[in-house]
Amino acid sequence: VAASYYRWSKDIDSSLRLVDEALRNNDQYDDNYALVGRAQIYIGRKKFELAQQDLDQIFKADPNFVPALSTQSYLLNEQKQYEKAMEFALKAKSFWPERWQPYANIGHAADGLGKKDEAEAAYRSTIAYNPTWPSVYDELVTCPGIFRPREIRDNGSLTARSSDEESTIYGRTDRSHIARS
C-alpha cells in the first residue's frame, strides 16, 4: 500500500525501495502485488523488458492473477501489440467484469486496432465504473461521435480541442453525461 502511495505521489524512487523491501519478505501473495506495482513503474519508464520479467515471474506462480493480466495488457498496448493486449484485457475482464481497468485496456487495444466504436464503448464502460479517472475522458474525446461528428473525426480534418473548450461549446460543465449516453 505504501509503495502505491509513493507511486501515485510521483515519488517513484521511494516506491521502488518499498517494493524491493516487500519482495525480500517471504509472502508470495504480497510479492505478486509488489511485482505488478514495479512492472507498472517500469512500463511508465519504458523499461518494457524489466516489466515483462516481473510479469513472467507472477504468471509462473499464478497464471490468472488478474492485476498481472491487466498489467500485461497495459504493457502490450504500450508496445503497440494490440491484438495480444486485447486477449489479456478480455481475460482480465472475465475475472473482473465490474472493474474499470480491463475496459480501459480494451479501449486502448481497440483504438490501436482501428475499432473506434469498440474503443468508445470500452471507454464509456471505464467511466461508468470509475467516473473520477480523468485521463479516460481524454481518450473518449479522440473517439468518434462523442464531442465531434464522426465524419469530421474519421476525416481527420479537425484538430483536437481541449476538454474545457468542448464543454463550453456544448454547454456542458461536467462530463458525467458521457457514461450515461
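Not measured: the values here are computed from a predicted model.
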### Nearest-0.5 Å distance, CG of residue L35 to CD of residue Q40
11.5 Å
### Query
Does L113 share a hydrophobic cluster with Y123, counting links as ILVMFWY side-chain heavy atoms below 4.5 Å and allowing steps through other members?
no
### Message
Would you say that L55 contacts L75 through its side chain, given a criterion of any heavy-atom pair below 4.5 Å between the two side chains?
### Response
yes
### Query
Between F65 and Y33, how do the two ring planes meet: parallel, tilted or perpendicular, split at 30° and 60°?
perpendicular
### Message
Looking at every non-hydrogen atom in both residues, tell me the closest pair between T126 and A104 and how far apart they are.
### Response
OG1-N, 3.1 Å
Side-chain donor-acceptor distances from residues 80-93 under 3.5 Å, at least two apart:
residue, atom, partner, partner atom, Å
Q81, NE2, Q79, OE1, 3.4
K91, NZ, N64, OD1, 3.1

#### Entry: Spacing of OH belonging to Y42 relative to CD belonging to Q53, to within rounding of 0.5 Å
8.5 Å
### Task
List the atom of A122, the atom of G107, and the distance in Å for their closest heavy-atom pair.
CB-N, 3.4 Å
### Query
Do the non-hydrogen side-chain atoms of I41 and R45 ever get within less than 4.5 Å of each other?
yes
### Pair Y129-Y103, ring-ring contact (aromatic ring centres under 6.0 Å, His included): steps then yes or no
CA-CA 9 Å; Y129 290 115; Y103 295 98; 5.3 Å; yes
#### Entry: Stepwise salt bridge (Lys or Arg N to Asp or Glu O under 4.0 Å) test for E120 and K116
CA-CA 6 Å; E120 177 183 325; K116 301 300 182 191; over 6 Å; no
### Query
Who pairs with E78 by salt bridge (Lys or Arg N to Asp or Glu O under 4.0 Å), at least two apart in sequence or on another chain?
K46
### Query
Does one hydrophobic cluster hold both I127 and I106, with members joined at side-chain heavy-atom distances below 4.5 Å?
no
### side-chain contact (heavy atoms from CB on, under 4.5 Å) partners of D56, counting only residues at least two apart
Q52
### Query
Can you name the closest pair of heavy atoms from P63 and L69 and give their distance?
O-CD2, 3.7 Å
### Query
Can you tell me how far the CG atom of D31 sits from the CG atom of D62, to the nearest 0.5 Å?
12.5 Å
#### Entry: Value rounded to 0.5 Å, distance of CG in N105 from CG in L76
9.5 Å
### Message
Taking side-chain contact (heavy atoms from CB on, under 4.5 Å) as the definition, give me every residue that meets it alongside Q101, ordered by chain and number, with sequence neighbours left out.
### Response
S70, W96, R99
